[in-house]
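The structure under discussion appears below in the form of structure tokens.
Source: prediction; values computed, not measured. Throughout, protein chains are lettered first and strands after them, A, B, ... in sequence-line order, and every chain is numbered starting at 1.
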Amino acid sequence: MSKVSALLSANRASGRGTLIGYFPAGYPSVEESAQALISMAKNGCDVLEVGVPYSDPVMDGLVIQQATEKALEAGFKLPQVFDVIKRVRQEIDTPILVMSYWNPVLRYGVDRFATDLVDSGAQGMITPDLIPDEGAEWIQAAESKDLDHVFLVAPSSSDERVKTNADLSSGFVYSVSTMGITGERAQLDQLARGLASRVKQSSTTPTCVGVGISTADQVREVNSYADGAIVGTAFVKAYQTGGLDALTAKTRELALGLG
Amino acid sequence: MDVKLSEQVGPYFGEFGGRFVPEPLIAALDQLEATYNLARKDPIFKAELAELHRTYTGRPSIITEAKRFASQFGDVRVFLKREDLNHTGSHKINNVMGQALLAKRMGKKRIIAETGAGQHGVASATAAAYFGLDCVVYMGEVDTERQALNVARMKLLGAEVIPVKTGSRTLKDAINEALRDWVANVETTHYLLGTVAGPHPFPTMVRDFHSVIGNEARAQMLELTGKLPDAVAACVGGGSNAIGIFHAFLDDPGVQLWGFEAAGDGVDTPFHAATLSKGVPGVLHGAKSYMLQDEDGQTMESHSISAGLDYPGVGPEHSWLKDLGRANYFGITDSEAMNAMRLLSQTEGIIPAIETAHALAGVKKLSEVLPAGSSILINLSGRGDKDMETAGRYFGLLGEK
Ligand SMILES: Cc1ncc(COP(=O)(O)O)c(C=O)c1O
């Protein structure tokens, strides 16, 4: 059974809710990104999402683009994502999912990437630009190694796709909460609620809602209808403005939205 | 096995193609595919597009035999398919008119486009003006500088031009930004992609809209010379003008197909855009195809004097034709292209786009590999007015400012 989905259902059963935090590997350096993730785990994140910097991140807004571009400029190499995971693993046992665009994985070798995910201590991967229709090789590699494969659903997805993408995901299915690319939204979209309920009606796979969450109230609200809140931009922005201290403070602040 | 090459449609061309895009875009791609599948069989749509081409684009485009140009290369005949004479000055309008009609059918009032050389942006802005649509064009900051004339054209036509300042600030990054816009505005917006790259159905649909080039040229060559050409050649950026002229000849085994890519400083330097000659398969902008990437799967920056060819990816059908051995792809350096630009200008009185000049430079290579007396059909994909700043500087024609 997926460690992540077990955690999500335990947190839901206890009325606590779940906070999932994203931070890019290698930003601003390999060691500092590991320290950032460790602090996020120690201060309230239940699941960590480790981003792989990529040259063409079409799902990301400007804040994350700038951070990952910095990581690449600083010389980030793909295998270092595993160094980050191992480093984090030395300190905490919070579940870790990698978030990667597809080409770096393809280039590395899908099976080899899956093997190294397991060996470094990660629980699975979110693939923003790989739909399950194109994902047979990854699904097979992940299942053979007990890794979670998290796909996306969007407000524009048909009911049929919502069901298929949820059923073909493990751990959870990622509900993209607004139509927009990742970035803060003052008001969380009504669309997210509708989307999460469509997932609930059609599949037993849990769903976490991401994109646009930046306040404790939004964390609470999302957890009232979904299995977890995913936060990225708000954490990266906090780090950009005030380093590790600001990131730690932001994590604690958002964790107040948990029951 | 007996399926004709020309009948191949997406999503896959062999192992290439597909839809490697974020889930939010899938509904829009499905809608586009469904709309296109109905339209392509609809006599009303076909008549509407044909009428637009006749009365607005200026089709059919003529063929010009380039005798003085050809004489520089020994015993060959060179025929130019004059897409430069189309309204807006390049082949790009063929696809734009088709997709603009589809946008109308889908009830989308806003179109967005990426552009490198600015020709696709100008064509899109033109169609938007003609059909009364809002138009936003994303263009790498580097390209807004080297193709400033086309930026002015787009603005005069009423489009908004957004300079893209991320990444390499060229065509690749303009596509990223257009995709981001599309993810955010997919309900109201059609992404009018300008080449045969991108997720399905774009490679098939854009090819079909450009296949008019080869269909006309094949008949024109038969009428003019009584036979098919021995080779058909075009420049390859994303690959739309090349596939447009190749398509009618795919199942003519006697006709060699040659795509000329931008080799920048040379294919053996790090500064080129020779995706098919030097790349490896990967996923970029929604499709699996050859691409320039490093060992981590990061897209590498391409380099070319030509903004329209300065792209580290290529359409999936070209990757398939390369692996099948049906088409050949060969790199042309900046200086070879610029010399060909000047040569055509001075032997024929036709100033080609720098993109197109890569195909013209390829005649030297073809004259070496083809038997004496061969005839070569070249897609003259665009005119060079937009490149006068670059050419003026390159050849020192501008004097002191
Ligand atoms: C005149 C001309 N030819 C060729 C190209 C390259 O595009 P493609 O390879 O899609 O034909 C461009 C692109 O801007 C262009 O303007």
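Residue contact with chain B, scored on non-hydrogen atoms closer than 4.5 Å, is absent for A:Tyr101. A:Tyr108 does not touch chain B: none of its heavy atoms, backbone or side chain, sits under 4.5 Å away. Interface remark: A:Pro57 contributes backbone and side-chain atoms alike to the contact with chain B (heavy atom separation under 4.5 Å). Of the two parts of B:Met300, neither the backbone nor the side chain holds a non-hydrogen atom closer than 4.5 Å to a non-hydrogen atom of chain A.
With rounding to the nearest 0.5 angstrom, the OG atom of A:Ser214 is 8.0 Å from the NZ atom of A:Lys237. Rounded to the nearest 0.5 angstrom, B:Leu171 CG and B:Met139 CE are separated by 9.5 Å. From B:Arg40, atom CZ reaches atom CG of B:Asp208 across 6.0 Å, with rounding to the nearest 0.5 Å.
Identified by a heavy-atom distance below 4.5 Å to chain B, the contributing residues of residues 126-134 of chain A are A:Pro128, A:Asp129, A:Leu130, A:Ile131, A:Asp133, A:Glu134, in residue-number order.
In terms of heavy-atom pairs under 4.5 angstrom with chain B, the leader among A:Val105, A:Leu106, A:Leu72, A:Asp56 is A:Asp56. Among the candidates A:Ser157, A:Gly135, A:Ser158, the residue making the largest number of heavy-atom pairs closer than 4.5 Å to chain B is A:Ser157.
Around CD of A:Glu160, the count of heavy atoms belonging to other residues, nucleotides or ligands within 6.0 Å does not exceed 12. Shown here is A:Lys77, whose NZ atom has more than 12 heavy atoms of other residues, nucleotides or ligands within 6.0 Å. Around atom NZ of A:Lys200, more than 12 heavy atoms belonging to other residues, nucleotides or ligands sit under 6.0 Å away. Around the CD atom of A:Glu31, the shell of radius 6.0 Å holds more than 12 heavy atoms that belong to other residues, nucleotides or ligands.
Checked against the 6.0 Å centroid criterion, the rings of A:Phe23 and A:Tyr239 qualify as a close aromatic pair.
Here the closest heavy-atom approach between residue B:Ala307 and residue B:Asp143 is recorded as CB-OD1, 3.6 Å.
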